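Data block below; observations after.
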Amino acid sequence: MVELLAPAGNIESLEAAIGEGADAVYLGLKSFNARLRTTNFAWNQFEATVDSLHRQHKKVYVTVNTVCEERETERLYRFLSYLNEIRPDGLIVQDFAVIRMAQEFFPELELHASTQMNVESSSAVKLLQNIGIKRSVLARELGLDEIKKIKNETGSELEVFVHGALCVSESGLCLFSSYLGGKSANRGMCTQACRRFYSAEVPGGIKQGYYFSPCDLQLIEQIPDLVDAGVDSFKIEGRMKSAEYVGTVVSAYRYVIDHYKEDRKGAIATGKRILSSDFARSKTTYWYGFNSLEEGVNNAAEKILNPDQAGGTGIYLGKIASTKPAPKELVQAYRESLQASAAENFSGIQLATLRDGNYDPDPGDSIRLHKKDDTGRVSHKIRSVEIDEEQNKRWIDIPSGFTVGDEVYLLQIKSGSKRYGRVLPSDISRFRKQPRDERLPVLDLTPVQPKELSYFPEGIYVQVSSIPDVFAVQGMNPVRVIIEYNSETSYDLLNHKTTLPFSKKQIYISLDPFCSAAQEDSLSEALKKLLADGYQNFVVNNLAHIQMLKGSNAKMIAGPYLYTFNRWAVSLLENQDIGAFVMPYENSRRNLEATYEENVRSRVLVPVYAYPALFRMRFKLPKDYDFTYFEDKEETIFKVNSTQDGSFVMPEEPFCITDKVDHITSAGFKRILIDFSKTKVSRSQIKAITTSMAKGQPLPGISRFNWKDGFYSPQQMEEYKAAAERAAENKTAKRPAGGSRPNRGAKTARGRGKKR
């Protein structure tokens with residue numbers, strides 16, 4: 001029987017999911033999961049959940065679906081050891097380090113490959129099966145025929161998203177939020193920058209819209225076909241959604257799964273009626289219904305993008321116009337209405353008025369609040385409405401922490417809300433297990449053997465996206481040139497159209513990180529032909545590429561999209577016959593040096609210049625998206641390139657650390673990458689880069705990405721805040737009683753502000 005898998009962002013959502021008939025839930029704890037902005041479960045809550053659901057013959061899956069830095073690997077090890085004691089039914093994982101540690105220390109843990117692992121082909125699933133992955137959560141950018149192909153060719157357990165919010169980017173390949181401030185989607189910190197309001201330069205002026213805010217997925221009508229295709233688990237997205245939302249969606253899909261065989265048309269109609277109170281974004285079936293890959297590439301955008309649709313979830317209720325403290329009796333009543341577990345995290349409520357909306361929410365309605373700076377989103381059920389007839393104001397209760405200008409959306413009306421039975425016992429004090437203070441055994445990467453890296457010499461590597469640019473970079477005298485394999489270059493390479501100015505030994509071929517079931521057979525045949533023609537060096541960016549090239553004489557270099565942020569991830573890829581690695585664009589110098597000790601740094605190629613694709617879409621943009629450049633409200637400029645290979649959004653300012661090359665090479669990283677992918681190479685560009693490297697001078701108008709500061713870390717920010725508070729307290733304590741700080745002159749501290 002197919003499994004219905006529901007999100008549990010908190011206890012209330014857990015109860016709604018189980019109450020409406022979910023077979024399993026997936027949830028996150030306080031770290032290593034891709035929804036760090038939701039409530040998540042405390043240790044005792046999680047342990048109690050596993051115990052309670054197992055008694056009901058239900059399953060619990062834990063999300064461990066983020067990448068971790070080298071300094072976090074010991075904490076990851078302790079976390080996995082803890083999970084090994086609690087024994088959930090599976091771990092949903094992204095980082096190769098989790099797989100490698102589980103292989104070594106916790107072989108009884110069942111592992112599922114997260115959609116963040118970018119799995120969309122039979123080849124990738126086969127490789128995962130070989131290294132111990134029980135189930136693959138397929139990328140959301142797939143159609144029914146592709147899913148059928150994967151199931152038929154692998155027999156693996158497959159999990160498929162059927163409802164909820166979509167990422168506009170191909171799964172696991174988004175760097176947008178990370179580029180803008182270190183809040184990486186691969187770290188559970190996505191700020192959903194794609195859903196923001198943008199201004200674009202179009203013929204005749206400026207046009208504004210939510211250009212990259214996708215519709216929500218709804219596959220209620222496709223459930224029978226997906227069951228027939230052999231899908232094992234239907235997954236509902238929504239760990240940041242309200243309990244009412246979760247209950248409604250689970251109820252609809254439960255009904256269709258249980259009744260479609262007896263009355264397909266009637267069951268689907270009933271399911272859609274149940275979903276009619278789901279006030280989320282407009283719905284799409286995304287890649288379902290296309291007869292060919294080309295048809296999907298050309299037309300999918302029309303089904304997923306709506307520039308007139310606001311980025312928020314639900315019906316827009318307006319912005320907060322004013323706030324005031326809530327009455328003490330209301331705060332106390334609210335607190336008492338919460339379960340003990342939720343009351344522990346209760347931060348208070350306040351009253352607010354709204355403006356610009358067309359609906360007045362009532363008690364029992366569920367709303368969602370969005371901070372205007374995208375730093376937080378919270379679901380909330382309204383308990384009280386206070387009418388001030390004299391001032392013509394209508395006050396509703398909202399969580400503390402939101403202020404004037406923040407947006408509010410309606411998720412669920414009162415008539416759609418229900419009360420569900422408890423899942424956890426009222427007293428969970430007996431559940432006391434927590435991660436222990438364990439030491440992670442030392443892992444040494446494979447030492448470099450004599451002549452092992454003869455195909456990977458020291459020096460400058462240059463990557464390009466077109467054949468003309470191969471000629472343009474000759475003057476840089478690269479030791480190797482990397483040619484991106486795309487619809488243009490593949491035709492030239494396979495048909496020997498151009499005599500290239502580099503030998504095949506000097507050429508690497510970089511494969512696209514998105515490798516779908518519809519593309520894998522033709523790519524596999526192309527790789528065989530390239531190998532027969534004498535090309536031996538390949539930059540692999542998807543697990544499918546590794547599977548296709550295994551057993552050949554190919555030399556594989558792990559590309560930047562096979563994320564290696566720690567040595568345990570590196571070790572897993574080493575075991576797949578990979579001996580060299582391109583540093584991920586998101587990485588920092590500190591973490592790079594921590595991952596690779598000096599004796600193995602000859603395995604690493606470090607990008608120092610690139611226009612990294614901030615997000616990648618599997619489709620061409622709609623014809624009325626007649627622009628190349630667009631900007632956000634901070635006037636940061638981006639550019640978009642729409643091709644037969646999909647669409648790519650890139651920064652106007654490149655990631656550039658060319659002035660740091662001497663420091664990088666002196667640290668032992670002597671292979672340097674200049675990446676011109678997705679750009680046209682110019683002489684002035686080459687001259688500026690080579691001058692910057694020679695003189696150690698930074699180029700103007702660049703981004704350091706995360707090279708200096710690393711990923712944004714909430715824990716680190718809390719540590720900094722606590723340290724600052726302690727320093728302030730110490731300074732205050734040392735001042736003379738009744739005295740004031742002496743005036744040391746007219747100078748004032750200057751903050752860094754925006755240039756005007």
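Numbering starts at 1 and runs along the sequence shown. None of the values given here were measured: they were computed from a predicted structure.
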Given side chains that start at C-beta, do those of [X] and [Y] come closer than 4.5 Å, heavy atoms only?
| X | Y | answer |
| --- | --- | --- |
| Pro7 | Val25 | no |
| Asn10 | Arg239 | no |
| Arg195 | Tyr210 | no |
| Lys371 | Phe402 | yes |
| Val408 | Ile398 | no |
| Glu159 | Leu138 | no |

Can you see whether [X] engages [Y] through a side-chain donor-acceptor pair at a distance of less than 3.5 angstrom?
| X | Y | answer |
| --- | --- | --- |
| Asn186 | Ser178 | no |
| Ser647 | Ser642 | yes |
| Ser171 | Glu141 | yes |
| Arg368 | Ser379 | yes |
| Arg273 | Thr270 | yes |
| Ser400 | Gln350 | no |
| Ser199 | Glu631 | no |
| Glu407 | Tyr409 | yes |

**Asked** Between Asp397 and His380, is a side chain to side chain donor-acceptor pair (under 3.5 Å) present by the stated rule, with each step listed?
**Response** CA-CA 9 Å; Asp397 60 277; His380 175 79; 2.7 Å; yes
Do other residues, nucleotides or ligands put more than 12 heavy atoms under 6.0 Å from [X] [atom1]?
| X | atom1 | result |
| --- | --- | --- |
| Asn392 | CG | no |
| Glu389 | CD | no |
| Lys272 | NZ | no |

Between [X] (side chain) and [Y] (backbone), is there a donor-acceptor pair under 3.5 Å?
| X | Y | answer |
| --- | --- | --- |
| Tyr26 | Ile236 | yes |
| Ser242 | Ser366 | no |
| Lys303 | Tyr286 | yes |

**Message:** Please determine whether side chain to side chain donor-acceptor pair (under 3.5 Å) holds for the pair Glu20 and Tyr420, giving the CA-CA distance in whole Å, both sets of side-chain angles, and the decisive distance to 0.1 Å.
**Reply:** CA-CA 9 Å; Glu20 294 294 352; Tyr420 298 99; 2.7 Å; yes
**Message:** Against the six-membered ring of Phe197, is Lys633 placed for a cation-pi contact (under 6.0 Å from the centre, within 45° of the normal)?
**Reply:** no
**Request:** Take Phe627 and Val640 through the side chain to side chain contact (heavy atoms under 4.5 Å, CB included) test and state the conclusion after the steps.
**Result:** CA-CA 8 Å; Phe627 58 84; Val640 62; 4.0 Å; yes
**Prompt:** Roughly how far, to the nearest 0.5 Å, is the OH atom of Tyr629 from the NZ atom of Lys639?
**Reply:**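 Between atom NZ of Lys639 and atom OH of Tyr629 there are 5.5 Å.
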**Asked** Mind checking whether Phe630 and Tyr211 have ring centres under 6.0 Å apart?
**Response**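 Centroid separation for Phe630 and Tyr211: 6.0 Å or greater.
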**Message:** Could you check, using the six-membered ring where one of them is a Trp, whether Phe615 and Phe212 have ring centers closer than 6.0 angstrom?
**Reply:**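 Here the rings of Phe212 and Phe615 have centres that are less than 6.0 Å from each other.
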Could you tell me whether [X] and [Y] make a salt bridge, using a distance below 4.0 angstrom between a side-chain N and a carboxylate O?
| X | Y | value |
| --- | --- | --- |
| Lys372 | Asp406 | yes |
| Arg254 | Asp23 | yes |
| Arg140 | Glu237 | no |
| Glu170 | Arg618 | no |

**Message:** I'd like to know whether Gln218 forms a side chain to side chain contact (heavy atoms under 4.5 Å, CB included) with Thr284, so could you lay out the CA-CA distance, the side-chain angles of the two residues, the decisive distance to 0.1 Å, and finally the verdict.
**Reply:** CA-CA 6 Å; Gln218 180 173 296; Thr284 179; over 6 Å; no
**Prompt:** How far apart are the C-alpha atoms of Leu305 and Val168, what are their side-chain angles, what is the distance that settles it, and do they pass the side chain to side chain contact (heavy atoms under 4.5 Å, CB included) test?
**Reply:** CA-CA 8 Å; Leu305 296 179; Val168 71; 3.9 Å; yes
**Message:** Looking at every non-hydrogen atom in both residues, tell me the closest pair between Pro425 and Phe431 and how far apart they are.
**Reply:**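 Looking at all heavy atoms of both residues, the shortest contact is CG-CE1, 4.2 Å.
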